[in-house]
Protein chains: 2
Amino acid sequence: MKNQASVSSTMKTAKTEQKIMAAAIKVFQDKGYAGTRTRDIAEEAGINLALLNYYFRSKEKLFEIIMLQSMGDFMQIMTAVINNEKTTLEQKIGDIIEAYHELLYDKPGIPIFILSELRQGNHTIFLKATGLKKIYQHSVFAKQYEAAIAKKKYTSRPMIWMIMNLMSMTIFPFMASPLLQMIGDMNQKEYRAFLKTRKPLVVKWVLQTMKS
Amino acid sequence: MKNQASVSSTMKTAKTEQKIMAAAIKVFQDKGYAGTRTRDIAEEAGINLALLNYYFRSKEKLFEIIMLQSMGDFMQIMTAVINNEKTTLEQKIGDIIEAYHELLYDKPGIPIFILSELRQGNHTIFLKATGLKKIYQHSVFAKQYEAAIAKKKYTSRPMIWMIMNLMSMTIFPFMASPLLQMIGDMNQKEYRAFLKTRKPLVVKWVLQTMKS
DNA sequence: GTCTATATTTAGATAGAC
DNA sequence: GTCTATCTAAATATAGAC
(Lines give C-alpha, C1' and ligand atoms only; values in the text may rest on other atoms or scores of the structure.)
Protein backbone atom coordinates (compact mmCIF):
# COMPACT_ATOMS: atom_id res chain seq x y z
CA MET A 1 0.00 0.00 0.00
CA LYS A 2 2.81 2.35 0.83
CA ASN A 3 4.58 1.33 -2.35
CA GLN A 4 1.58 1.89 -4.46
CA ALA A 5 1.05 5.35 -3.08
CA SER A 6 4.70 6.09 -3.61
CA VAL A 7 4.64 4.89 -7.19
CA SER A 8 1.50 6.80 -7.92
CA SER A 9 3.02 9.90 -6.43
CA THR A 10 6.20 9.46 -8.42
CA MET A 11 4.30 9.08 -11.65
CA LYS A 12 2.30 12.18 -10.98
CA THR A 13 5.47 14.08 -10.24
CA ALA A 14 7.15 12.93 -13.40
CA LYS A 15 4.17 13.82 -15.45
CA THR A 16 3.87 17.34 -14.08
CA GLU A 17 7.58 17.91 -14.32
CA GLN A 18 7.50 16.85 -17.95
CA LYS A 19 4.54 19.06 -18.70
CA ILE A 20 6.37 22.05 -17.28
CA MET A 21 9.53 21.26 -19.18
CA ALA A 22 7.69 20.78 -22.44
CA ALA A 23 5.99 24.12 -21.93
CA ALA A 24 9.26 25.76 -20.99
CA ILE A 25 10.97 24.51 -24.13
CA LYS A 26 8.24 25.96 -26.23
CA VAL A 27 8.06 29.35 -24.56
CA PHE A 28 11.79 29.85 -24.03
CA GLN A 29 12.62 28.91 -27.60
CA ASP A 30 9.92 31.24 -28.79
CA LYS A 31 10.62 34.31 -26.69
CA GLY A 32 14.11 33.88 -25.28
CA TYR A 33 15.05 34.05 -21.62
CA ALA A 34 14.29 37.70 -20.97
CA GLY A 35 11.09 37.74 -22.99
CA THR A 36 9.62 34.75 -21.19
CA ARG A 37 7.40 35.16 -18.14
CA THR A 38 7.17 32.23 -15.81
CA ARG A 39 3.42 32.83 -15.82
CA ASP A 40 3.36 32.02 -19.54
CA ILE A 41 5.13 28.74 -18.96
CA ALA A 42 2.75 27.84 -16.15
CA GLU A 43 -0.26 28.64 -18.30
CA GLU A 44 1.12 26.72 -21.27
CA ALA A 45 1.67 23.75 -18.97
CA GLY A 46 -1.82 24.07 -17.50
CA ILE A 47 -0.57 24.40 -13.95
CA ASN A 48 -0.12 27.10 -11.36
CA LEU A 49 2.78 29.48 -11.16
CA ALA A 50 3.73 28.41 -7.64
CA LEU A 51 4.09 24.85 -8.81
CA LEU A 52 6.73 25.81 -11.30
CA ASN A 53 8.89 27.18 -8.51
CA TYR A 54 8.14 24.14 -6.41
CA TYR A 55 9.69 21.91 -9.08
CA PHE A 56 12.46 24.06 -10.47
CA ARG A 57 13.11 26.62 -7.73
CA SER A 58 13.67 29.53 -10.11
CA LYS A 59 13.29 30.75 -13.66
CA GLU A 60 17.03 30.63 -14.12
CA LYS A 61 17.39 27.03 -12.97
CA LEU A 62 14.62 25.96 -15.31
CA PHE A 63 16.21 27.86 -18.13
CA GLU A 64 19.57 26.19 -17.67
CA ILE A 65 17.96 22.80 -17.97
CA ILE A 66 16.11 23.77 -21.13
CA MET A 67 19.17 25.42 -22.60
CA LEU A 68 21.33 22.34 -22.10
CA GLN A 69 18.66 20.15 -23.57
CA SER A 70 18.21 22.34 -26.64
CA MET A 71 21.94 22.48 -27.11
CA GLY A 72 22.02 18.72 -26.74
CA ASP A 73 19.34 18.19 -29.39
CA PHE A 74 21.33 20.35 -31.71
CA MET A 75 24.71 18.76 -31.09
CA GLN A 76 23.50 15.21 -30.89
CA ILE A 77 22.57 15.25 -34.55
CA MET A 78 26.16 15.75 -35.51
CA THR A 79 27.69 13.48 -32.91
CA ALA A 80 25.43 10.56 -33.73
CA VAL A 81 26.11 10.66 -37.45
CA ILE A 82 29.72 11.72 -37.30
CA ASN A 83 31.11 8.54 -35.77
CA ASN A 84 29.16 6.03 -37.77
CA GLU A 85 31.73 3.44 -38.92
CA LYS A 86 29.51 2.10 -41.67
CA THR A 87 28.98 5.19 -43.81
CA THR A 88 31.18 7.06 -46.23
CA LEU A 89 32.09 10.72 -45.85
CA GLU A 90 29.58 11.68 -48.52
CA GLN A 91 26.82 9.65 -46.89
CA LYS A 92 27.53 11.35 -43.58
CA ILE A 93 27.10 14.75 -45.14
CA GLY A 94 23.74 13.63 -46.49
CA ASP A 95 22.79 12.18 -43.12
CA ILE A 96 23.63 15.35 -41.22
CA ILE A 97 21.60 17.49 -43.58
CA GLU A 98 18.72 15.05 -43.33
CA ALA A 99 18.86 15.02 -39.53
CA TYR A 100 18.89 18.82 -39.27
CA HIS A 101 15.91 19.06 -41.54
CA GLU A 102 14.09 16.57 -39.34
CA LEU A 103 14.87 18.54 -36.17
CA LEU A 104 14.24 22.01 -37.55
CA TYR A 105 11.05 21.05 -39.22
CA ASP A 106 9.65 20.50 -35.71
CA LYS A 107 11.64 23.08 -33.78
CA PRO A 108 12.68 25.90 -36.10
CA GLY A 109 13.26 28.20 -33.15
CA ILE A 110 16.24 26.29 -31.73
CA PRO A 111 19.07 27.93 -33.69
CA ILE A 112 18.06 31.50 -32.95
CA PHE A 113 17.47 30.54 -29.34
CA ILE A 114 20.93 29.05 -28.95
CA LEU A 115 22.78 31.68 -30.92
CA SER A 116 21.14 34.68 -29.33
CA GLU A 117 21.67 33.37 -25.81
CA LEU A 118 25.22 32.46 -26.71
CA ARG A 119 25.85 35.95 -28.05
CA GLN A 120 24.57 37.44 -24.82
CA GLY A 121 27.28 35.59 -22.98
CA ASN A 122 25.35 32.77 -21.37
CA HIS A 123 27.69 30.70 -19.23
CA THR A 124 25.95 27.36 -19.24
CA ILE A 125 25.76 27.07 -22.97
CA PHE A 126 29.26 28.31 -23.49
CA LEU A 127 30.74 25.45 -21.55
CA LYS A 128 28.62 22.94 -23.38
CA ALA A 129 29.63 24.38 -26.73
CA THR A 130 33.29 24.17 -25.85
CA GLY A 131 33.12 20.41 -26.18
CA LEU A 132 32.30 20.69 -29.86
CA LYS A 133 35.85 21.15 -31.03
CA LYS A 134 37.07 17.86 -29.62
CA ILE A 135 34.02 15.99 -30.81
CA TYR A 136 34.78 17.03 -34.34
CA GLN A 137 38.47 16.60 -34.39
CA HIS A 138 38.47 13.07 -33.03
CA SER A 139 35.62 11.75 -35.13
CA VAL A 140 35.51 9.10 -37.83
CA PHE A 141 34.23 11.91 -39.99
CA ALA A 142 37.44 13.90 -39.51
CA LYS A 143 39.58 10.90 -40.39
CA GLN A 144 37.62 10.26 -43.55
CA TYR A 145 37.87 13.91 -44.45
CA GLU A 146 41.63 13.92 -44.01
CA ALA A 147 41.96 10.74 -46.03
CA ALA A 148 39.92 12.19 -48.88
CA ILE A 149 42.05 15.33 -48.89
CA ALA A 150 45.22 13.23 -48.94
CA LYS A 151 43.91 11.44 -52.02
CA LYS A 152 43.30 14.82 -53.67
CA LYS A 153 39.62 14.03 -53.91
CA TYR A 154 38.80 17.46 -52.51
CA THR A 155 40.56 20.78 -52.22
CA SER A 156 42.93 20.86 -49.28
CA ARG A 157 41.29 23.03 -46.63
CA PRO A 158 40.54 22.78 -42.92
CA MET A 159 37.28 20.95 -42.22
CA ILE A 160 35.63 24.09 -40.88
CA TRP A 161 35.24 25.31 -44.46
CA MET A 162 32.92 22.47 -45.25
CA ILE A 163 31.11 22.49 -41.90
CA MET A 164 30.41 26.17 -42.36
CA ASN A 165 28.89 25.72 -45.78
CA LEU A 166 26.86 22.75 -44.69
CA MET A 167 25.43 24.48 -41.62
CA SER A 168 24.85 27.76 -43.44
CA MET A 169 22.87 26.28 -46.28
CA THR A 170 20.95 23.93 -44.02
CA ILE A 171 20.16 25.98 -40.94
CA PHE A 172 19.82 29.56 -42.18
CA PRO A 173 16.73 28.88 -44.31
CA PHE A 174 14.91 27.77 -41.16
CA MET A 175 16.15 30.70 -39.07
CA ALA A 176 15.20 33.28 -41.67
CA SER A 177 11.99 31.62 -42.77
CA PRO A 178 9.70 34.59 -42.05
CA LEU A 179 11.89 36.85 -44.16
CA LEU A 180 12.52 34.38 -46.95
CA GLN A 181 8.85 33.50 -47.15
CA MET A 182 8.09 37.13 -47.83
CA ILE A 183 10.78 37.49 -50.47
CA GLY A 184 9.74 34.27 -52.15
CA ASP A 185 6.04 35.05 -51.79
CA MET A 186 5.20 31.72 -50.21
CA ASN A 187 2.96 30.65 -47.36
CA GLN A 188 4.29 28.31 -44.69
CA LYS A 189 3.12 25.14 -46.40
CA GLU A 190 4.66 26.10 -49.71
CA TYR A 191 7.87 27.12 -48.01
CA ARG A 192 8.23 23.80 -46.27
CA ALA A 193 7.62 21.92 -49.47
CA PHE A 194 10.26 24.06 -51.12
CA LEU A 195 12.84 23.24 -48.46
CA LYS A 196 12.10 19.56 -48.89
CA THR A 197 12.65 19.76 -52.63
CA ARG A 198 15.83 21.70 -52.10
CA LYS A 199 17.30 19.26 -49.58
CA PRO A 200 19.05 16.83 -51.97
CA LEU A 201 20.52 19.75 -53.85
CA VAL A 202 22.11 21.07 -50.67
CA VAL A 203 24.01 17.80 -50.38
CA LYS A 204 25.22 18.16 -53.94
CA TRP A 205 26.18 21.80 -53.48
CA VAL A 206 28.14 21.17 -50.31
CA LEU A 207 30.15 18.49 -52.09
CA GLN A 208 30.75 20.91 -54.95
CA THR A 209 32.18 23.53 -52.63
CA MET A 210 34.71 20.97 -51.47
CA LYS A 211 35.97 20.54 -55.00
CA SER A 212 36.48 24.16 -55.95
CA MET B 1 21.89 86.57 -29.38
CA LYS B 2 18.65 84.70 -29.37
CA ASN B 3 19.67 82.91 -32.52
CA GLN B 4 22.96 81.89 -31.12
CA ALA B 5 21.37 80.48 -28.01
CA SER B 6 18.85 78.66 -30.13
CA VAL B 7 21.49 77.16 -32.37
CA SER B 8 23.59 76.13 -29.43
CA SER B 9 20.60 74.53 -27.82
CA THR B 10 19.71 72.69 -30.99
CA MET B 11 23.20 71.33 -31.39
CA LYS B 12 23.24 70.11 -27.85
CA THR B 13 19.93 68.40 -28.38
CA ALA B 14 21.05 66.68 -31.52
CA LYS B 15 24.19 65.49 -29.86
CA THR B 16 22.43 64.00 -26.87
CA GLU B 17 19.77 62.45 -29.03
CA GLN B 18 22.46 60.84 -31.16
CA LYS B 19 24.33 59.58 -28.15
CA ILE B 20 21.19 57.90 -26.86
CA MET B 21 20.40 56.36 -30.22
CA ALA B 22 23.92 55.07 -30.66
CA ALA B 23 23.75 53.50 -27.22
CA ALA B 24 20.32 52.07 -27.93
CA ILE B 25 21.49 50.44 -31.15
CA LYS B 26 24.30 48.77 -29.31
CA VAL B 27 22.31 47.51 -26.36
CA PHE B 28 19.18 46.51 -28.25
CA GLN B 29 21.16 44.61 -30.87
CA ASP B 30 23.09 42.94 -28.12
CA LYS B 31 20.31 41.93 -25.75
CA GLY B 32 17.10 42.21 -27.74
CA TYR B 33 14.06 44.21 -26.75
CA ALA B 34 13.03 42.26 -23.66
CA GLY B 35 16.56 41.81 -22.38
CA THR B 36 17.37 45.49 -22.56
CA ARG B 37 16.84 47.79 -19.58
CA THR B 38 16.43 51.46 -20.33
CA ARG B 39 18.87 52.05 -17.50
CA ASP B 40 21.53 50.20 -19.48
CA ILE B 41 20.99 52.40 -22.49
CA ALA B 42 21.19 55.52 -20.36
CA GLU B 43 24.40 54.36 -18.76
CA GLU B 44 25.93 53.40 -22.11
CA ALA B 45 25.03 56.86 -23.39
CA GLY B 46 26.47 58.52 -20.32
CA ILE B 47 23.24 60.27 -19.46
CA ASN B 48 20.43 59.94 -16.97
CA LEU B 49 17.47 57.62 -17.27
CA ALA B 50 14.95 60.45 -17.10
CA LEU B 51 16.56 62.08 -20.08
CA LEU B 52 15.95 59.06 -22.22
CA ASN B 53 12.25 59.33 -21.62
CA TYR B 54 12.42 63.07 -22.18
CA TYR B 55 13.71 62.47 -25.70
CA PHE B 56 11.94 59.30 -26.72
CA ARG B 57 8.96 59.10 -24.38
CA SER B 58 9.14 55.33 -23.91
CA LYS B 59 11.27 52.25 -24.37
CA GLU B 60 8.94 51.02 -27.07
CA LYS B 61 9.11 54.22 -29.11
CA LEU B 62 12.88 54.18 -28.96
CA PHE B 63 12.94 50.57 -29.96
CA GLU B 64 10.79 51.15 -33.00
CA ILE B 65 13.19 53.76 -34.25
CA ILE B 66 16.18 51.50 -33.75
CA MET B 67 14.40 48.54 -35.27
CA LEU B 68 13.48 50.44 -38.43
CA GLN B 69 16.99 51.73 -38.74
CA SER B 70 18.58 48.31 -38.31
CA MET B 71 16.15 46.86 -40.79
CA GLY B 72 16.97 49.72 -43.12
CA ASP B 73 20.71 49.11 -42.87
CA PHE B 74 20.12 45.52 -43.73
CA MET B 75 17.74 46.08 -46.62
CA GLN B 76 19.50 49.05 -48.09
CA ILE B 77 22.47 46.93 -49.01
CA MET B 78 20.34 44.91 -51.33
CA THR B 79 18.23 47.72 -52.69
CA ALA B 80 21.20 49.89 -53.56
CA VAL B 81 23.05 47.19 -55.44
CA ILE B 82 20.08 45.48 -56.96
CA ASN B 83 19.00 48.32 -59.23
CA ASN B 84 22.40 49.35 -60.50
CA GLU B 85 22.00 49.69 -64.28
CA LYS B 86 25.71 49.47 -64.91
CA THR B 87 26.60 46.08 -63.50
CA THR B 88 25.98 42.56 -64.70
CA LEU B 89 24.05 39.97 -62.73
CA GLU B 90 27.25 38.29 -61.66
CA GLN B 91 28.80 41.57 -60.54
CA LYS B 92 25.71 42.32 -58.50
CA ILE B 93 26.03 39.03 -56.68
CA GLY B 94 29.61 39.92 -55.85
CA ASP B 95 28.60 43.39 -54.75
CA ILE B 96 25.86 42.15 -52.43
CA ILE B 97 28.22 39.70 -50.76
CA GLU B 98 30.83 42.41 -50.41
CA ALA B 99 28.34 44.86 -48.89
CA TYR B 100 27.07 42.35 -46.35
CA HIS B 101 30.58 41.56 -45.27
CA GLU B 102 31.19 45.26 -44.79
CA LEU B 103 28.08 45.71 -42.67
CA LEU B 104 28.38 42.55 -40.62
CA TYR B 105 32.01 43.05 -39.91
CA ASP B 106 30.96 46.11 -37.87
CA LYS B 107 27.58 44.98 -36.66
CA PRO B 108 27.45 41.19 -36.51
CA GLY B 109 24.50 41.32 -34.13
CA ILE B 110 22.03 42.73 -36.64
CA PRO B 111 20.76 39.52 -38.23
CA ILE B 112 19.96 37.76 -34.98
CA PHE B 113 18.38 40.93 -33.69
CA ILE B 114 16.09 41.26 -36.70
CA LEU B 115 15.25 37.60 -37.00
CA SER B 116 14.53 37.00 -33.34
CA GLU B 117 12.31 40.06 -33.07
CA LEU B 118 10.59 39.06 -36.29
CA ARG B 119 9.97 35.56 -34.98
CA GLN B 120 8.44 36.97 -31.83
CA GLY B 121 5.86 38.71 -33.96
CA ASN B 122 7.08 42.29 -33.85
CA HIS B 123 4.64 44.52 -35.73
CA THR B 124 6.93 47.32 -36.83
CA ILE B 125 9.47 45.14 -38.47
CA PHE B 126 6.89 42.94 -40.08
CA LEU B 127 5.44 45.80 -42.07
CA LYS B 128 8.86 46.97 -43.13
CA ALA B 129 9.84 43.49 -44.23
CA THR B 130 6.70 43.15 -46.29
CA GLY B 131 8.11 45.62 -48.78
CA LEU B 132 10.95 43.25 -49.64
CA LYS B 133 8.99 41.15 -52.07
CA LYS B 134 8.16 44.02 -54.38
CA ILE B 135 11.66 45.45 -54.17
CA TYR B 136 13.04 42.20 -55.48
CA GLN B 137 10.53 41.42 -58.11
CA HIS B 138 10.69 44.79 -59.80
CA SER B 139 14.45 45.20 -59.74
CA VAL B 140 17.00 45.34 -62.52
CA PHE B 141 18.48 42.32 -60.84
CA ALA B 142 15.28 40.32 -61.35
CA LYS B 143 15.15 41.25 -65.03
CA GLN B 144 18.74 40.21 -65.55
CA TYR B 145 18.08 36.97 -63.74
CA GLU B 146 15.08 36.18 -65.92
CA ALA B 147 17.04 37.03 -69.05
CA ALA B 148 19.90 34.74 -68.04
CA ILE B 149 17.46 31.92 -67.36
CA ALA B 150 15.80 32.44 -70.71
CA LYS B 151 19.19 32.08 -72.37
CA LYS B 152 19.71 28.79 -70.51
CA LYS B 153 22.76 30.23 -68.82
CA TYR B 154 21.50 28.97 -65.46
CA THR B 155 19.08 26.32 -64.29
CA SER B 156 15.49 27.50 -64.49
CA ARG B 157 14.37 28.15 -60.92
CA PRO B 158 12.64 30.97 -59.03
CA MET B 159 15.07 33.62 -57.87
CA ILE B 160 14.49 32.77 -54.22
CA TRP B 161 16.70 29.69 -54.70
CA MET B 162 19.69 31.86 -55.40
CA ILE B 163 18.86 34.54 -52.83
CA MET B 164 18.61 31.84 -50.19
CA ASN B 165 22.00 30.38 -50.96
CA LEU B 166 23.63 33.77 -51.12
CA MET B 167 22.20 34.94 -47.82
CA SER B 168 22.82 31.62 -46.09
CA MET B 169 26.47 31.39 -47.00
CA THR B 170 27.10 35.08 -46.35
CA ILE B 171 25.12 35.85 -43.22
CA PHE B 172 25.12 32.63 -41.22
CA PRO B 173 28.90 32.61 -40.61
CA PHE B 174 28.52 35.96 -38.84
CA MET B 175 25.48 34.90 -36.85
CA ALA B 176 27.05 31.68 -35.66
CA SER B 177 30.53 33.05 -35.17
CA PRO B 178 30.87 32.10 -31.50
CA LEU B 179 29.96 28.51 -32.30
CA LEU B 180 32.00 28.25 -35.49
CA GLN B 181 35.02 29.81 -33.84
CA MET B 182 34.97 27.02 -31.28
CA ILE B 183 34.58 24.29 -33.86
CA GLY B 184 37.32 25.75 -36.01
CA ASP B 185 39.53 26.50 -33.01
CA MET B 186 40.08 30.13 -33.95
CA ASN B 187 40.19 33.38 -32.04
CA GLN B 188 38.24 36.35 -33.26
CA LYS B 189 41.05 37.81 -35.32
CA GLU B 190 41.79 34.54 -37.07
CA TYR B 191 38.11 34.01 -37.70
CA ARG B 192 37.70 37.38 -39.35
CA ALA B 193 40.72 36.80 -41.56
CA PHE B 194 39.25 33.46 -42.51
CA LEU B 195 35.94 35.02 -43.56
CA LYS B 196 37.79 37.54 -45.66
CA THR B 197 39.71 34.81 -47.46
CA ARG B 198 36.53 32.88 -47.99
CA LYS B 199 34.58 35.80 -49.44
CA PRO B 200 35.54 35.46 -53.12
CA LEU B 201 34.84 31.76 -52.97
CA VAL B 202 31.31 32.43 -51.77
CA VAL B 203 30.69 34.37 -54.97
CA LYS B 204 31.95 31.47 -57.00
CA TRP B 205 29.94 28.92 -55.05
CA VAL B 206 26.71 30.86 -55.36
CA LEU B 207 27.15 31.01 -59.13
CA GLN B 208 27.83 27.29 -59.15
CA THR B 209 24.58 26.52 -57.37
CA MET B 210 22.76 28.35 -60.15
CA LYS B 211 24.22 26.02 -62.73
CA SER B 212 23.40 22.70 -61.12
C1' DG C 1 1.57 18.13 -4.81
C1' DT C 2 -1.30 21.81 -5.76
C1' DC C 3 -3.52 25.93 -5.08
C1' DT C 4 -4.61 31.23 -3.47
C1' DA C 5 -2.83 35.12 -1.59
C1' DT C 6 1.07 37.94 -0.69
C1' DA C 7 5.71 39.50 -0.19
C1' DT C 8 9.78 41.12 -2.74
C1' DT C 9 12.36 42.72 -6.49
C1' DT C 10 12.93 44.85 -10.67
C1' DA C 11 12.22 48.07 -14.31
C1' DG C 12 9.57 51.73 -16.83
C1' DA C 13 7.95 56.22 -16.38
C1' DT C 14 7.07 60.87 -14.17
C1' DA C 15 7.32 65.07 -10.88
C1' DG C 16 9.77 68.74 -9.67
C1' DA C 17 14.18 71.19 -8.61
C1' DC C 18 17.97 73.37 -10.96
C1' DG D 1 17.97 70.12 -21.07
C1' DT D 2 19.42 67.66 -17.29
C1' DC D 3 19.37 65.75 -12.94
C1' DT D 4 17.55 63.37 -8.19
C1' DA D 5 13.99 61.29 -6.04
C1' DT D 6 9.77 58.84 -6.42
C1' DC D 7 5.67 56.52 -8.19
C1' DT D 8 3.69 52.68 -10.44
C1' DA D 9 3.34 48.47 -12.83
C1' DA D 10 4.94 44.04 -13.73
C1' DA D 11 7.15 39.83 -12.73
C1' DT D 12 9.63 36.52 -9.65
C1' DA D 13 9.46 34.02 -5.63
C1' DT D 14 7.48 32.42 -1.20
C1' DA D 15 4.06 31.47 2.81
C1' DG D 16 0.53 28.93 4.21
C1' DA D 17 -4.02 26.52 3.52
C1' DC D 18 -5.84 22.34 1.52
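Keep in mind that this is a model prediction, so the values were computed, not measured. Order of the sequence lines sets the chain letters (A, B, ...), proteins ahead of strands, with each chain counted from 1.
Nearest heavy-atom pair, E117(A) versus Y33(A), reported as atom, atom and distance to 0.1 Å: OE2-N, 3.0 Å.
Every residue two or more places apart in sequence or in another chain was checked for a salt bridge (charged side-chain N to carboxylate O under 4.0 Å, His left out) with K59(B), and none qualifies. Judged as a salt bridge (charged side-chain N to carboxylate O under 4.0 Å, His left out), and not counting sequence neighbours, the contacts of K199(B) are E98(B). Here K133(A) pairs with D185(B) under the salt bridge (charged side-chain N to carboxylate O under 4.0 Å, His left out) rule; sequence neighbours left out.
Distance, R37(B) CZ to dA11(D) C1': 15 Å, rounded to whole Å. Put simply, CD on Q18(A) is 16 Å from C1' on dG1(C), counting in whole angstrom units. Taking atom CZ of residue F63(A) and atom C1' of nucleotide dA11(D), one finds them 17 Å apart after rounding to whole Å. Distance, I20(B) CD1 to dG12(C) P: 15 Å, rounded to whole Å. Going from atom NZ of K61(B) over to atom P of dG12(C) covers 16 Å, rounded to whole Å. If you measure from atom NZ of K15(B) to atom P of dT2(D), you get 11 Å, rounded to the nearest angstrom.
In this structure, F28(A) has its ring center under 6.0 Å from that of F63(A). Separation of the Y105(A) and F174(A) ring centroids does not fall under the 6.0 Å cut-off.
A salt bridge is defined here as a Lys NZ or Arg NE, NH1 or NH2 lying under 4.0 Å from an Asp or Glu carboxylate O, and D30(A) with R119(B) fails to meet this definition.
Looking only at distances, a side-chain donor or acceptor of T79(B) sits under 3.5 Å from a matching main-chain atom of Q76(B). Checked by atom type and distance alone, the side chain of K92(B) pairs as donor or acceptor with a backbone atom of T87(B) at under 3.5 Å. Not a single donor-acceptor pair under 3.5 Å links the side chain of T170(A) to the backbone N or O of M167(A). For the pair Q91(A) (side chain) and T88(A) (backbone), a donor-acceptor distance under 3.5 Å is present.
The nucleotide whose nearest atom lies closest to any side-chain atom of L51(A) is, among dG1(C), dG1(D), dA11(C), dG1(C). Set against dC3(C), dT2(C), dC3(D), the side chain of I47(A) has dC3(C) as its closest nucleotide.
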Contact string for nucleotides 13-18 of chain C, one letter per nucleotide 5' to 3', B = base within protein heavy-atom range under 4.0 Å, S = sugar-phosphate only, - = neither, reads BBB---

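Of the residues in residues 24-33 of chain A, not one comes within less than 4.0 Å of DNA chain C through any heavy atom.
Checking the phosphate oxygens (OP1, OP2) of dG1(C), no side-chain nitrogen or oxygen of T16(A) falls inside 4.0 Å.
For the helix from dG1(C)-dC18(D) to dC18(C)-dG1(D), the terminal axes (five pairs an end, C1' atoms, rotation from four pairs onto the next four) enclose an angle of 10°, given to 10 degrees.
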